[in-house]
Amino acid sequence: METESEPYVRLASLRQLHQVMADMNTARSLADTLQTVAEGVVAALGYELACVNLVRPDGDLVVAAFAGNPAAEALITGRVGSRESWERRLGMGEHWGDLVFIPHTEGWVLDDDDVPQWYTDGPAPRFEDEWHPSDRLFAPMYAPGPQGSAACGELIGVLSVDRPRNGRRPGAWGREALQMYAFQAAIAISNARLRANMQRALVRLEREQQALRASEESFRQAFEYAPSGMAIAEMGGDQHGRILRTNDALCRLLGRPASAMRRYSFSDLVHPEDIGTLLRTSAEGGRAELRLGRRDGTYVWVSLRNSVVADAADGPRFLLTHVEDIEERKRRELQLAHRASHDSLTGLPNSAELRSRLSARLCQRTTPHAAVAESHDAAYGHPAFDVVGPGFDFRQGAEPYDAFDHHVHTVAPDGDHDDGTKGLAVLFCDLDGFKSINDRFGHNAGDAVLIEVARRLSNGVRDGDTVARLGGDEFVILADGLGRADAQDLAVRLRNEIIQPIRAEGRAVRVGASFGIGWAHCGMTADEVLKSADERMYVEKRSRPKQHRRAG
């Protein structure tokens with residue numbers, strides 16, 4: 001580029017260079033920018049060949065653009081040279097500022113490396129600054145550094161130029177122009193990459209937004225049209241648990257409009273007996289079976305399953321609750337449980353249920369307290385204390401010791417007289433004359449008698465008392481809070497109810513009843529209590545003349 005002595009030529013070159021730089025910065029894509037850079041070297045800087053080697057993410061350099069020779073362009077565009085080979089080249093030769101010139105006298109050692117290159121023929125130089133076909137000139141391109149210095153930035157590519165049109169190595173002006181052009185090209189390439197990355201980010205963001213909109217629409221449809229109930233509730237803050245949104249299925253299940261549901265939380269709707277179950281249910285992945293109130297005042301059994309809906313910035317925000325109607329299943333479960341614990345003929349609690357209810361009221365003597373007493377007796381030969389009731393120690397003013405954690409001990413009246421003590425009375429009832437009804441009139445008549453006796457016994461006791469069929473024609477009544485006189489009066493009243501005529505198979509029949517009154521107290525088993533009442537019943541039955549055991 002022989003323009004050092006011709007200022008007007010320099011000015012024309014600067015104008016041309018300015019236009020090329022403007023073209024670089026207005027290119028629409030990274031590929032267009034790279035090709036404009038290569039073509040600008042040929043158009044404005046006076047070289048016949050120019051190549052843009054771009055640094056890839058893995059560090060190697062790829063031939064990204066070529067100008068000046070279509071045959072050479074087709075041969076090497078897209079080929080890759082290793083970073084190691086390029087660093088070797090940039091460390092050789094003469095350094096003209098940021099430029100690297102490798103004369104043909106040194107460059108022959110590079111002929112066999114993996115950097116893509118072209119070969120041109122020509123005569124040997126005739127004078128000192130004449131360009132040789134094997135000379136190499138590189139202009140590294142650096143991303144702008146923090147202080148605006150090109151050399152401070154990261155290497156983004158290398159410009160390779162060849163065959164100056166004037167046939168001479170570039171002078172000071174030519175070198176300055178190439179170095180300035182490489183600096184501006186680096187800025188243009190960095191900007192183009194930034195624009196490309198932004199465009200890709202925008203495209204990706206738009207796709208994500210489209211996917212989010214599609215996901216939200218899918219969720220909305222799944223929520224709204226789900227066959228079972230769905231609700232979204234607030235998490236945290238003063239409004240924690242308040243229902244924000246419900247679907248049609250939940251509104252129909254509870255008979256409440258969506259506008260009304262937003263005034264409640266699930267704790268407002270749950271059955272009072274199930275509030276503990278609701279509070280123990282985990283917010284994340286929690287499950288519970290409980291009853292929710294309908295608008296008409298009734299309750300429905302439901303299964304609740306919770307999921308937390310989290311916000312990317314604020315964390316857990318909402319609680320998604322799935323509400324499934326399990327009323328029919330619960331009804332079947334209760335029916336099965338009732339059948340397992342109740343007599344199929346009379347509907348009364350059966351023997352197993354009777355023993356379960358009785359055992360629940362009793363505690364055994366084999367307690368830590370009793371064990372301490374027994375060990376003391378064995379060691380010292382005398383009682384450590386007198387047991388007034390399980391769990392009491394009157395030794396040296398000791399405080400009462402309760403081994404059963406708030407268990408209310410069941411006690412029995414003392415002796416055969418009424419001392420005012422209220423206890424758990426166990427009335428063992430055996431029907432008199434029932435076998436003769438079965439023999440004379442058949443089992444259907446006998447079943448009718450048992451059903452009517454069960455009804456009369458149930459009507460004759462208080463709410464909370466238990467009437468159970470032990471088996472055959474034997475019944476047991478558990479009546480808590482009675483004294484001896486109360487229990488005897490109850491037995492008389494029930495006997496008088498039973499001896500009234502009973503319609504069975506179109507005829508009136510009569511049966512009598514014998515009652516034995518036993519008393520439950522802690523330290524006894526359920527079987528021991530029932531055996532005691534049974535023995536008293538037989539004593540009472542034997543004590544009455546046979547003709548008086550059944551009226552009529």
Side-chain angles (χ1 to χ4, degrees), residues 337-338 340-343 348-377 383-394 398-430 457-458 460-471 474-491 494 515-540:
H338 187 272
S341 61
H342 287 70
D343 176 48
L348 297 177
N350 59 18
S351 175
E353 178 67 11
L354 172 68
R355 284 174 166 80
S356 175
R357 295 187 186 184
L358 185 54
S359 297
R361 287 295 315 277
L362 304 175
C363 60
Q364 302 301 309
R365 288 285 186 182
T366 308
T367 65
H369 181 94
V372 171
E374 291 172 3
S375 64
H376 187 282
D377 294 349
F385 43 76
D386 295 327
V387 178
V388 175
F392 286 87
D393 180 2
F394 282 177
E399 294 294 328
Y401 169 80
D402 190 349
F404 295 97
D405 293 335
H406 311 297
H407 173 77
V408 178
H409 296 290
T410 301
V411 297
D414 187 22
D416 294 331
H417 61 283
D418 193 344
D419 60 357
T421 302
K422 305 293 186 181
L424 176 57
V426 180
L427 283 68
F428 199 106
C429 172
D430 182 77
L457 289 174
S458 298
V461 299
R462 304 164 302 173
D463 292 339
D465 292 344
T466 295
V467 178
R469 183 186 178 198
L470 196 59
E474 295 178 334
F475 297 84
V476 174
I477 297 93
L478 302 182
D480 201 3
L482 299 186
R484 286 195 177 276
D486 298 329
Q488 291 167 358
D489 289 343
L490 176 61
L494 293 178
F515 282 85
I517 302 174
W519 296 93
H521 61 82
C522 288
M524 300 179 68
T525 65
D527 286 336
E528 288 173 344
V529 174
L530 294 175
K531 181 180 179 182
S532 172
D534 185 25
E535 290 174 348
R536 291 177 181 272
M537 182 274 297
Y538 276 107
V539 170
E540 195 270 344

Residues E353, R357: salt bridge by 4.0 Å N-O rule: yes

Inter-residue atom distance S458.OG - L494.CG, 0.5 Å rounding: 10.0 Å

Side-chain touch K422/D486, heavy atoms, less than 4.5 angstrom: yes

For the student: nearest non-hydrogen atoms of A520 and L362, plus distance: CB-CD2, 3.9 Å

Between CG on residue D343 and CG on residue L354, distance to nearest 0.5 Å: 12.0 Å

Heavy-atom pair of closest approach, residues A468 and N350: CB-O, 4.4 Å

Straight-line distance of R536 CZ to L427 CG, nearest 0.5 Å: 11.5 Å

Test item: L358 and R355 side chains (from C-beta on) under 4.5 Å apart, heavy atoms: no

Verdict with reasoning, F515 to I477, per side chain to side chain contact (heavy atoms under 4.5 Å, CB included): CA-CA 10 Å; F515 282 85; I477 297 93; 4.1 Å; yes

Those residues that, when tested against D430, pass side chain to side chain donor-acceptor pair (under 3.5 Å) (two or more places apart): K541

Spacing of CG belonging to D527 relative to OG belonging to S359, to within rounding of 0.5 Å: 7.5 Å

Beyond-backbone contact of D534 with L470, side-chain heavy atoms, under 4.5 angstrom: no

Minimum-distance pair of heavy atoms, taken over all atoms of G460 and L490: O-CD1, 3.8 Å

Check: V426 and L478 side chains under 4.5 Å, non-hydrogen atoms: yes

Check: R462 and L482 side chains under 4.5 Å, non-hydrogen atoms: yes

By side chain to side chain donor-acceptor pair (under 3.5 Å) - contacts of D480 (at least two apart): R361

Inter-residue atom distance T525.OG1 - K531.NZ, 0.5 Å rounding: 9.5 Å

Nearest heavy atoms of W519 and M524, plus distance in Å: O-SD, 3.8 Å

Distance, nearest 0.5 Å, that separates CD1 of I517 from CE of M537: 12.5 Å

